[in-house]
K.L.:
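Before I ask anything, here is the structure I am working with.
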Amino acid sequence: MFRTRVLNQISNIASSSSSSSASASTSSSIPTHHLITLIRSPIGLPQSSRKTLEALGLYRLRERALHPFGETTAGRILRVKELVHVSNVTKEEGKVLVRRRRSEGSGLEASGRVYGGGKGLISQI
């Protein structure tokens, strides 16, 4: 379901551009980039593992980075393969996935009583 939504966004981007660039994007449907997601924390690992993650541009859990195929990137991925998840994507698909964030307003909302403020309820603003 998520993949079809991403593909729809990519097709909308391609259709809005000129016909010459649209034909170029259809010919580039072969994956050309690694989408790397940090899924495990490097706490307790050697400094070299942390430096490798920094070189890949990964600092926080669930953070994503897009890198083109290459020997250097492949070597870095192999050094931290237990900590990351790697997907092969096209450049356009990867840009959409890297840019994707949580929706605004996700998290806690205050409801009920205010701490330290007596027994009154929070007024709805």
K.L.:
For residues Ile36 and Tyr59: do they belong to one hydrophobic cluster (side chain heavy atoms under 4.5 Å, members Ile, Leu, Val, Met, Phe, Trp, Tyr)?
P.N.:
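In one cluster: no.
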K.L.:
To check you understand the geometry: which heavy-atom pair defines the closest contact between Leu38 and Arg60, and what is its length?
P.N.:
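Looking at all heavy atoms of both residues, the closest pair is CD2-O, 3.4 Å.
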K.L.:
List the atom of Val86, the atom of His34, and the distance in Å for their closest heavy-atom pair.
P.N.:
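Closest pair (atom of Val86, atom of His34, distance): CG1-ND1, 3.6 Å.
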K.L.:
What I want to check is whether the side chains of His33 and Asn88 have a donor and an acceptor closer together than 3.5 Å.
P.N.:
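Not at all, the side chains of His33 and Asn88 share no donor-acceptor pair under 3.5 Å.
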K.L.:
Show the atom names and distances, to 0.1 Å, of all donor-acceptor pairs under 3.5 Å that link a side chain in residues 65-84 to residues at least two apart or in another chain.
P.N.:
from  : atom 1 : to    : atom 2 : distance (Å)
His67 : NE2    : Leu56 : O      : 2.7

K.L.:
If you measure from CZ on Arg64 to OG on Ser87, what distance do you get to the nearest 0.5 Å?
P.N.:
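It comes to 8.5 Å.
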K.L.:
Any non-hydrogen side-chain atom of Thr37 less than 4.5 Å from a side-chain atom of Glu63?
P.N.:
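Side chain of Thr37 against side chain of Glu63, heavy atoms only: no contact under 4.5 Å found.
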K.L.:
Looking at Val96, Leu35, Val98, which hits side-chain contact (heavy atoms from CB on, under 4.5 Å) with Val89?
P.N.:
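Answer after filtering Val96, Leu35, Val98: Leu35.
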